[in-house]
Amino acid sequence: MPELLKTYNPREVEQAIYRRWEESGLFNPDKLPLAKRRKPFTISMPPPNITGELHIGHMLGLTIQDLLIRYHRLRGEAALLVPGTDHAAIATQVVVERELRKEGVQRHEIGREKFLEHVWKWKEKYGRRIVEQTKRVGASADWSRERFTMDKGLTLAVNTAFKRLYDDGLIYRGERITNWCPACRTSISDLEVDHEDVPGKLWYIKYPLTDGSGHVTVATTRPETMLGDTAVAVHPGDARFASFAGKTVRLPITGHNIPIITDTKIDREFGTGAVKVTPAHDMLDYELGQTHRLPIVRIIGFDGRLLPAAGVEYCGLSVLEARQRVIEKLRGLNAIEKEEDHIHAVALCSRSKTVIEPLISKQWFVRVKPLAEKAVRAVRSGKIKIVPERFVKTYFQWMENIHDWNISRQIWWGHQLPVWYRTQNGREETRVSLTRPGPSWTQDTDTLDTWFSAGLWTFSTLGWPKNTADLRRYHPTDVLETAWDILFFWVARMIMFSLYFVKEVPFKTVYLHGLVLDEHGQKMSKSKGTGVDPLVMGDKYGTDALRMSLIVGNAPGQDFRLYEKKIEGYRNFANKLWNVSRFVLSNERPRGRVTAGSLADRWILGKSQQLIKNVTRGLDKLDFSAAGQNLYDFLWHDFADWYLEVSKVRKNVGLLYVVLDNYLRLLHPFMPFITEQLWSRLYPDRLLLVSAWPKPSPRLAEAAGQLFEKLQRTVVALRNFRLHSGLPAGASCSFVARSEADDARLLAALSGVRVQTVRRLTVDSRYGDLLIGEITFQIEKRYIERFESWRQKERVALESHIASIERKLNNERFAARAPSAVVTNEREKLATAKQRLLEL
RNA sequence: GGGUUCGUAGCUCAGUUGGUUAGAGCGCCACAUUGACAUUGUGGAGGUCAGAGGUUCAACUCCUCUCGGACCCACCA
């Protein structure tokens with residue numbers, strides 16, 4: 001076997017390692033040894049959109065998912081990570097449309113079928129790229145179970161779900177006002193609308209009373225909609241308008257007479273307290289229109305331009321053009337009382353960033369209230385745990401105020417509704433069916449909201465509704481790991497659908513990670529070039545380093561910053577591990593029983609046991625950061641800095657191997673590539689991937705290391721001596737060896753001070769005695785003097801510390817009220833401090 | 001309007017149910033270094049834990065308020 005290189009080169013090993021894993025087939029839990037007897041552990045990978053490449057946020061998610069999967073696989077469970085991709089209906093259509101437009105091709109010119117061909121081509125390309133990238137992060141996903149939301153099986157699931165909901169009366173079609181994106185030419189759900197505060201104007205318009213007794217002034221940010229006004233509304237309790245009840249006003253410009261109505265929904269504080277009502281083009285007005293049976297006048301069309309009903313003068317204008325012209329006209333009529341600057345929230349389509357027009361159209365809806373109630377109960381009862389917990393509140397709040405979900409989209413890419421129509425005797429018939437009911441039936445051209453299929457993800461990927469073997473074994477999944485920003489879009493809907501269709505929760509725990517920000521706390525953005533490109537970083541520093549930098553210092557639900565220096569730090573860590581291993585491997589592994597004889601041996605064993613405990617507890621608590629931090633500290637500051645240094649003087653090769661072996665298993669979920677590579681040096685024909693998680697042994701974890709820690713303190717004191725005494729590099733001192741710890745070579749090697757053991761100290765006036773710990777060193781007096789002045793300062797600090805503990809212990813109330821554990825703790829602290837004072 | 005979250009060393013962050021002399025990494029300074037590693041080692045400087053009040057024997061930690069940042073939800077026209 002060739003020598004290990006001096007530095008770790010991730011690029012060389014990563015691909016080969018992943019190939020070894022894949023070829024072993026062990027990502028598929030059914031192929032694991034004794035698969036049937038293993039307890040399953042499942043994670044459904046949130047399917048990335050096929051709109052493009054993976055970004056750093058995906059990497060974070062994949063890293064955490066894979067970390068959990070590898071951990072549970074090592075623990076002997078049948079760990080299944082189900083991979084897949086999402087067709088991302090509107091998002092993908094917008095992207096492909098944009099791409100085609102660059103080539104001068106318009107969607108409507110080539111027609112639905114041709115357009116969909118283009119999208120499928122896109123899907124093939126980006127779907128493949130996403131898979132490649134997922135593999136590069138090291139995700140140990142079962143590729144034999146890879147799914148796409150528009151696969152045959154998943155489409156069947158979608159249609160089945162739709163039909164079931166329809167048959168149960170939970171899906172209905174209705175003419176409603178919905179958010180309409182004029183650019184995408186489709187309705188969208190409330191969640192797909194972003195609100196942005198923009199400075200605008202508030203216009204005060206005078207509407208004269210028909211009886212000539214004056215006028216009512218209304219305030220509006222959208223004066224153009226007055227062309228479709230069918231009422232003016234005031235609050236019933238508003239004294240200012242008490243005399244106006246039942247009267248009518250005449251609309252300027254159109255000259256229509258419209259009534260003044262009263263409704264408690266009106267906010268008396270806003271504007272003048274009187275509101276113009278345009279039922280066809282405003283959400284609140286639509287509702288007022290319904291309750292007061294107002295006529296509906298549509299003046300804006302699906303293309304965002306004014307309709308003939310707005311009047312010849314305005315027909316065909318865009319909303320903004322019409323606004324301008326209406327204002328001019330009103331000014332001419334002297335109908336504008338005043339205008340004010342006003343900041344208001346504009347609704348934008350989250351995909352195209354176009355201003356949303358609330359429009360009335362025929363759409364399909366899911367009645368979510370009954371589904372939501374059960375979904376709330378699942379979380380309230382603890383069947384589903386959300387980490388971090390605070391998102392529970394947000395979840396409840398949203399769920400309890402949920403509106404019916406508009407699921408139909410007037411776009412092409414997606415699952416076409418399993419709804420069929422035909423006209424019989426002049427009457428339209430509707431049927432919901434998985435197949436065409438007959439030759440005279442035509443299918444609804446709408447497609448489903450992309451989150452409809454996504455909501456079925458955990459069970460549709462496991463074969464529902466047709467093949468239920470996987471479903472029975474691997475569902476409910478154990479953890480759902482995703483970004484908090486799709487809690488409502490996706491997580492909530494999965495819970496609702498899973499409870500409804502398979503009568504169980506989709507997952508037991510939801511782990512929400514935060515957004516990855518750049519060094520300055522900005523959202524990483526490709527277009528602004530402020531992001532850390534995960535592929536570039538992976539190439540430069542290694543996937544393991546990238547993974548580790550995403551894990552450590554990251555808390556659930558908390559946005560966190562990633563910067564190159566941090567990744568570099570973990571590259572250095574990988575290299576440290578590499579070299580530690582090189583040191584260990586440079587010795588032939590001895591056969592036979594491994595003993596832990598020396599103080600250092602027992603100390604590192606104890607530390608190693610503690611590490612097993614801490615990492616295991618951290619992972620079970622989903623505290624990945626703490627677990628990773630523990631692993632980092634152990635390797636660097638215990639194993640390398642102390643134990644390896646001791647080993648240079650006195651070596652226990654067997655134990656070095658044992659500690660390294662254990663360590664590689666613990667680190668593997670975090671840094672799978674390098675650990676697997678090193679493992680192959682230990683066991684050329686075995687895979688770390690499917691080795692076993694170390695079990696802590698309480699017997700070994702005992703505080704065997706206390707004596708070694710004393711030695712460590714002596715070493716530190718000697719180091720301080722060298723630094724603060726001005727002792728020249730070559731000078732040496734003598735001491736009398738008394739115990740095992742008083743090993744001259746060890747002390748010298750660790751402290752950098754040349755020491756030699758003697759039987760008896762010399763009697764010489766130039767020399768003095770220096771007591772460090774229990775050891776007396778003999779050394780030239782001038783060095784001792786300089787050192788003593790430094791040591792005095794340290795002593796003062798330590799003494800004041802001791803005094804403060806004593807004060808606390810002597811405080812009567814402390815003694816009376818503090819829990820005994822705390823008191824014991826304080827006593828120990830005092831003892832340690834006193835001990836240190838002696839050893840200084 | 002409702003809700004969430006953050007403010008700890010120059011920078012990025014830990015700090016477990018209140019109980020170490022408040023920690024780490026990076027950066028900075030000094031020194032060291034030919035039996036793994038300069039992608040190294042040892043040591044040092046640097047913090048009134050945003051501010052004010054309160055609860056407590058004890059507050060970075062709990063409560064109230066103030067200041068400053070980030071975000072989510074919502075049909076203030």
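Only this structure's heavy atoms are used, side chains among them; waters, hydrogens and symmetry mates stay out.
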Scan every strand shown for a Watson-Crick or G-U wobble partner of [N], both distances under 3.5 Å, and answer none if you come up empty.
N	result
B/G53	B/C63
B/U34	none
B/A9	none
B/U39	none
B/A70	B/U4
B/A45	none

Legend entry - Distance-only donor-acceptor test (3.5 Å): side chain A/Arg571, base B/U39: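 Answer yes: a donor N or O sits under 3.5 Å from an acceptor.
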
Legend entry - Distance-only donor-acceptor test, A/Glu645 side-chain atoms vs B/A36 base atoms, 3.5 Å: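 Per atom types, the contact qualifies.
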
Nearest-angstrom distance from the residue atom [atom1] of [X] to [atom2] of [N]:
X	N	atom1	atom2	answer
A/Ile266	B/A77	CD1	P	12 Å
A/Arg582	B/U39	CZ	P	14 Å
A/Lys566	B/G25	NZ	P	14 Å
A/Lys276	B/C76	NZ	P	16 Å

Inset, instruction - Answer yes or no: does a side-chain N or O of A/Lys6 lie under 4.0 Å from OP1 or OP2 of B/C37? - result: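 Yes, because at least one side-chain N or O of A/Lys6 sits under 4.0 Å from OP1 or OP2 of B/C37.
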
Legend entry - Distance below 4.0 Å between A/Lys393 side-chain N/O and B/U4 OP1 or OP2: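 The answer is yes; a side-chain N or O of A/Lys393 sits under 4.0 Å from OP1 or OP2.
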
Inset, instruction - Would you please indicate if the ring centroids of A/His403 and A/Phe365 are separated by under 6.0 Å? - result: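 No, the ring centres sit 6.0 Å or more apart.
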
Inset, instruction - Give, for atom CZ of A/Phe488 and atom OG of A/Ser189, the distance between the pair rounded to the nearest 0.5 Å. - result: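 Going from CZ on A/Phe488 over to OG on A/Ser189, the span is 12.5 Å.
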
Inset, instruction - Using heavy atoms to find the nearest nucleotide of RNA chain B for A/Met283 and A/Tyr8 separately, return the residue whose nucleotide is more 5′. - result: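 It is A/Tyr8 whose nearest nucleotide is closer to the 5' end.
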
